[in-house]
Amino acid sequence: MKNESVAKILYEIADILEAQDVQWKPAAYRKAAMAIESLSEEVEDIYRGGGKKALLKIPGIGENISKKVEEMITTGGLGYYARLKKELPIDFGTLTAIPGLGPKKLKKLFNALGVRTLEELKEAAERGKIAGLEGFGEKSEQEILKGIALLEKTRGRALLGAILPDALAIVEKLKESKAVGRIGIAGSLRRMKETVGDIDILATSGEPGRVMGLFVSLPEVEAVFAKGMTKSSVHLKNGLDCDLRVVEEDSFGSALQYFTGSKDHNIALRKIAIKMGYKLSEYGIFKGEEKIAGRTEEEVYGRLGLPYIEPELRENTGEIEAAQEGRLPALIELEEVRGDLHVHTNWSDGSEPVEEVVLAARERGYEWVCISDHSQSLRIAHGLDERDLERQFDEIERVKGGITGIEVLRGIECDIRKDGSLDLMDETLERCDIVIGAVHSHFNLPMREMTERMMRAMENPNLDIIGHPTGRLLGEREAYELDWERLFDAAEDNGIAFEINAFPSRLDLDGAHIKAALAHGLQFAIGTDAHTKDQMDFMELGVATARRGWAEGKDVLNTLGAEDVRRRFSP
DNA sequence: GCCGTTTTCGGCCCGACTGTTTTCAGTCG
């Protein structure tokens, strides 16, 4: 059973128990579900490797839940869940996604009207059966109908690269108002998560009413969920929800800290505050009635005895302990990036000729750029064969002659065939500065075969980098499974780097992969995989991913000069 | 149900918004 399915059942158990007014257990089940959901490894594999004992090592999973997870993995079902579901056969997973409906209200609807599914809820609301119930009214019935309509449209999380510009545009529009003081993005967007579920904006204002009025009437807004003096929530036309909060000037730092999260990071901070005899909230740090911090985030962290922690690290995955011990990494900065390792031109499936791509790289302040088009197997992308590549090398030489101030590296995104061999002759690959090997076919191989396919490719002395290693794309789960430990070992043996692929529709390596690889002493190369000049701007996303994996400048090859990159990859 | 430099028992983050409840429960983040 996959992590997602295990987590879904645990979430549903939490909802059922909460509907039954059970104390504390719902929170415990939810915490366990979140822990399993965010594992970078399959819980099945963890169990196969170390049994129930290994499950107990996952924080939030104790004696009871580990037994239940064990049952799910070994039998594919869970008796406890089946019994609960019999008592309360409600589709909590779907229905709690409707704003305003939680476990308790859904139980009321079930008891009064027998509502179990989205369809039954819709029918009950359309027939006006809900308005008369205790605890509901005309308004809530309408809200439910609106919620269902929104749910039926596309919902869910969106890619960072797709949302960041929209969020910045809203912030810019609000900034134009004189009523707005300080303003900034918070939430998972500020932490630069690969995907974001909503947009959180935080501002200060002497006239919150005016700011809220402006916010809910922005043209981007499709529906308004709530409008108050300190908080308003809307649904945007791009499909995401957006919250705006207005706070006092002297609470901006603590509010920014609080609403940036993550939730787990904040809970850990609050526990530290409690131990020190303080109370931490979005309004500041309080010692009794007295407020002792809150104006800036630095002040908040400082009062808790911590250095400032970068938003990308705030996941409670060891950053607080590292901060306490003074061993936070000096995260790589966008300014340190000296070149893009992976761009396409119109020689394969890119839009522009070599010359324009090189000029675009120079405009971005890079010292070098590596041209890396597809190899011949990728027919739909007009992949290059040996002769094409030689001709492209000539073209690169010609372009280099006419453009100063930037170095051009000769690269190739070479297909890794099903058997692990590379798609071009060794003599040709030897003439490249950088060979990026990538999988573009036979995605459904079993984990072992796929891993060994890549390991075989790594043994070719010409291969330098594994490109977009996970194959994950938007809307799909991991396209194929890999045995990371074996892969890391092979990369170490052969001096191979992994690519952090910043192409906007790709959900490639995440922070956990990167941390694990760094622990093996491996290096990364950020490639935008740009197919148009504009897409080279997504370097920022690649850097954010590296930062979320705790990478420093030395861990990322893009911080090297052109000659050092060449030397790093010459056999 | 989980967890432990307060603890193997007794805690578990905290506050705003909404609707309908005339004093607050449920939901949300």
Side-chain angles (χ1 to χ4, degrees), chain A residues 10 13-19 21-35 55-69 80 92 95-109 130-144 146-147 186-189 196-202 208 212 216 224-234 241-247 251 254-255 257-286 316 321 324:
Chain A
L10 294 176
I13 290 173
D15 285 338
I16 297 173
L17 292 173
E18 186 159 343
D21 259 325
V22 177
Q23 292 294 299
W24 308 118
K25 289 191 191 184
Y29 275 97
R30 256 178 220 125
K31 196 172 176 215
M34 275 172 65
L55 297 178
L56 285 167
K57 291 217 177 90
I58 303 169
I61 295 185
E63 199 47 44
N64 272 287
I65 294 185
S66 69
K67 273 188 206 150
K68 294 189 168 75
V69 173
Y80 175 66
F92 285 103
L95 296 178
T96 52
I98 297 167
L101 285 186
K104 302 257 170 86
K105 291 206 164 174
L106 288 169
K107 187 188 176 197
K108 280 185 188 167
L109 290 172
I130 291 175
L133 298 177
E134 194 195 331
F136 295 87
E138 191 58 43
K139 189 93 189 245
S140 37
E141 187 168 87
Q142 289 311 309
E143 289 301 313
I144 287 171
K146 266 162 75 182
S188 56
L189 200 53
V196 289
D198 61 7
I199 299 171
D200 290 298
I201 301 172
L202 195 67
M212 291 306 188
V216 300
V224 180
F225 294 134
K227 178 171 175 271
M229 291 301 267
T230 64
K231 181 191 168 184
S232 293
S233 294
V234 302
D241 293 345
C242 180
D243 288 349
L244 172 66
R245 289 184 175 78
V246 173
V247 299
S251 297
S254 46
Q257 192 290 312
Y258 179 82
F259 291 114
T260 295
S262 66
K263 195 182 167 85
D264 288 340
H265 177 87
N266 287 355
I267 289 172
L269 285 190
R270 286 192 181 202
K271 286 181 179 165
I272 291 175
I274 290 167
K275 271 183 197 155
M276 296 174 85
Y278 304 147
K279 189 186 71 161
L280 171 63
S281 75
E282 59 263 51
Y283 298 105
I285 299 183
F286 295 86
N316 195 27
E321 293 79 0
Q324 285 170 329

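Here is how names work: the chains are called A, B, and so on, in the same order as the sequence lines, proteins then strands, and each is numbered from 1. Since the structure is predicted, the reported quantities are computational estimates derived from the model, not experimental observations.
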Check your understanding: B:dG1 P sits how many Å from A:Trp24 CH2, rounded?
Key -> 15 Å

Check your understanding: How far does OG1 of A:Thr230 sit from CG of A:Leu244, to the nearest 0.5 angstrom?
Key -> 10.0 Å

**Study point:** Separation of B:dT18 C1' from A:Leu101 CG (nearest whole Å)
**Key:** 13 Å

Practice item. Nearest 0.5 Å please: distance from the NZ atom of A:Lys25 over to the CG atom of A:Asn64. Key: 7.5 Å

Review point. Checking all strands, does A:Glu138 fall into the base, sugar-phosphate, or nothing category for heavy-atom contacts under 4.0 angstrom?
Key: sugar-phosphate

Check your understanding: For A:Phe136 and B:dT20, are the ring centres under 5.5 Å apart with planes inclined under 30°?
Key -> no

Check your understanding: A:Asp243 has a side chain; which of B:dG1, B:dG29, B:dC14 sits nearest to it?
Key -> B:dG29

Check your understanding: In terms of side-chain heavy atoms of A:Ile274, which of B:dC2, B:dC13, B:dG15 is nearest?
Key -> B:dC13

Point to revise | Which nucleotide in B:dG29, B:dT18, B:dC13 has an atom nearest any side-chain atom of A:Arg270 | key: B:dC13

Check your understanding: Counting distance only, does the side-chain N/O of A:Glu282 pair as donor-acceptor with the main-chain N or O of A:Tyr258 below 3.5 Å?
Key -> no

Study note, to complete from the structure: Checking B:dC14, B:dT20, B:dC17 against the side chain of A:Ser140 (C-beta onward), the nearest is B:dT20

Review point. Separation of A:Glu18 atom CD from B:dG1 atom P, in whole Å?
Key: 15 Å

Check your understanding: Roughly how many Å is it from CZ in A:Phe259 to P in B:dC13, rounded to a whole number?
Key -> 17 Å

Practice item. Using atom NZ of A:Lys275 as one end and atom C1' of B:dT7 as the other, report the distance to the nearest whole Å. Key: 11 Å

Practice item. For nucleotides B:dG10 and B:dC17, find the distance between their P atoms and express it as a whole number of Å. Key: 37 Å

Practice item. Among the candidates B:dG15, B:dG26, B:dC17, find the nucleotide nearest to the side-chain atoms of A:Lys231. Key: B:dC17

Check your understanding: Just checking A:Gly261: base, sugar-phosphate only, or nothing, at a heavy-atom cut-off of under 4.0 Å?
Key -> nothing

Practice item. Could you tell me whether A:Lys67 contacts a base, only the sugar-phosphate backbone, or nothing, with contacts defined as non-hydrogen atoms closer than 4.0 Å? Key: nothing

Check your understanding: Can you check the A:Lys107 NZ to B:dA25 C1' distance for me, whole Å?
Key -> 14 Å

**Study point:** Nearest-nucleotide comparison on DNA chain B, the residue closer to the 5′ end among A:Lys108 and A:Gly135
**Key:** A:Gly135

Check your understanding: Is any side-chain N or O of A:Lys271 closer than 4.0 Å to OP1 or OP2 of B:dT6?
Key -> no

Point to revise | Any A:Lys279 side-chain nitrogen or oxygen under 4.0 Å from OP1 or OP2 of B:dG15 | key: yes

Exercise for review: Output the distance between atom CZ (A:Arg30) and atom CG (A:Asp15), rounded to the nearest 0.5 Å.
Suggested key: 5.0 Å

Practice item. Using the C1' atom on both, measure B:dG11 against B:dT7 and round to a whole Å. Key: 9 Å

Review point. Does the side-chain contact (heavy atoms from CB on, under 4.5 Å) test come out yes or no for A:Ile285 and A:Met276, once each step is laid out?
Key: CA-CA 11 Å; A:Ile285 299 183; A:Met276 296 174 85; over 6 Å; no

Practice item. Could you measure between the two P atoms, the one in B:dT20 and the one in B:dT27, and give it in whole Å? Key: 14 Å

Check your understanding: A:Lys67 and A:Tyr80: side-chain contact (heavy atoms from CB on, under 4.5 Å), yes or no, with the steps?
Key -> CA-CA 11 Å; A:Lys67 273 188 206 150; A:Tyr80 175 66; over 6 Å; no

Review point. Is there a donor and acceptor pair closer than 3.5 Å between the side chain of A:Tyr258 and the base of B:dG29?
Key: yes

Study note, to complete from the structure: Side-chain atoms of A:Tyr29 come closest, of B:dT18, B:dC13, B:dG1, to B:dG1

Practice item. Please give the nucleotide sitting opposite B:dT8 as a Watson-Crick or G-U wobble pair, both distances under 3.5 Å, or none. Key: none

Practice item. Could you work out the separation of B:dC2 and B:dC13 based on their C1' atoms and round it to a whole Å? Key: 16 Å

**Study point:** Shortest side-chain distance from A:Ile267, nucleotide among B:dC13, B:dC14, B:dC2
**Key:** B:dC13

Check your understanding: Under 4.0 Å between a side-chain N/O of A:Thr230 and OP1 or OP2 of B:dC17, yes or no?
Key -> yes

Point to revise | Earlier contact from the 5' end, DNA chain B, for A:Gly137 and A:Tyr80 | key: A:Tyr80

Exercise for review: For DNA chain B, find the residues of residues 55-62 of chain A with a heavy-atom distance under 4.0 Å and give them by number; none if there aren't any.
Suggested key: A:Pro59, A:Gly60, A:Ile61, A:Gly62

Check your understanding: Quick one: CZ on A:Phe259 to CZ on A:Arg245, what's the gap to the nearest 0.5 Å?
Key -> 4.0 Å

Review point. Under the criterion side-chain contact (heavy atoms from CB on, under 4.5 Å), which of A:Val246, A:Asp243, A:Val247 is the partner of A:Lys231?
Key: A:Asp243

Exercise for review: Describe the nucleic acid contact of A:Glu63 in one word from base, sugar-phosphate, nothing, applying a heavy-atom distance below 4.0 Å.
Suggested key: sugar-phosphate

Point to revise | Taking every non-hydrogen atom, the tightest pair across A:Gly261 and A:His265 | key: O-CD2, 4.0 Å

**Study point:** A:Phe92 CZ to B:dG26 C1', straight-line distance once rounded to whole Å
**Key:** 14 Å

Review point. When rounded to the nearest 0.5 angstrom, what distance separates CD in A:Glu143 from CZ in A:Phe225?
Key: 8.5 Å

Review point. What nucleotide among B:dG15, B:dG26, B:dG1 has an atom nearest to a side-chain atom of A:Lys105?
Key: B:dG26

Exercise for review: Verify the contact: side-chain N or O of A:Tyr283 to OP1 or OP2 of B:dA16, cut-off strictly under 4.0 Å; return yes or no.
Suggested key: yes

Practice item. Nearest whole angstrom, please: distance from the C1' of B:dG26 to the NZ of A:Lys139. Key: 16 Å

Practice item. Mind checking A:Lys263 for me? I need base, sugar-phosphate or nothing, with any heavy atom below 4.0 Å counting as a touch. Key: base

Point to revise | Gap in Å between the two P atoms, one belonging to B:dG4 and one to B:dT8, rounded | key: 13 Å

Check your understanding: Can you tell me how far C1' in B:dC12 sits from the matching atom in B:dT6, rounded to whole Å?
Key -> 14 Å

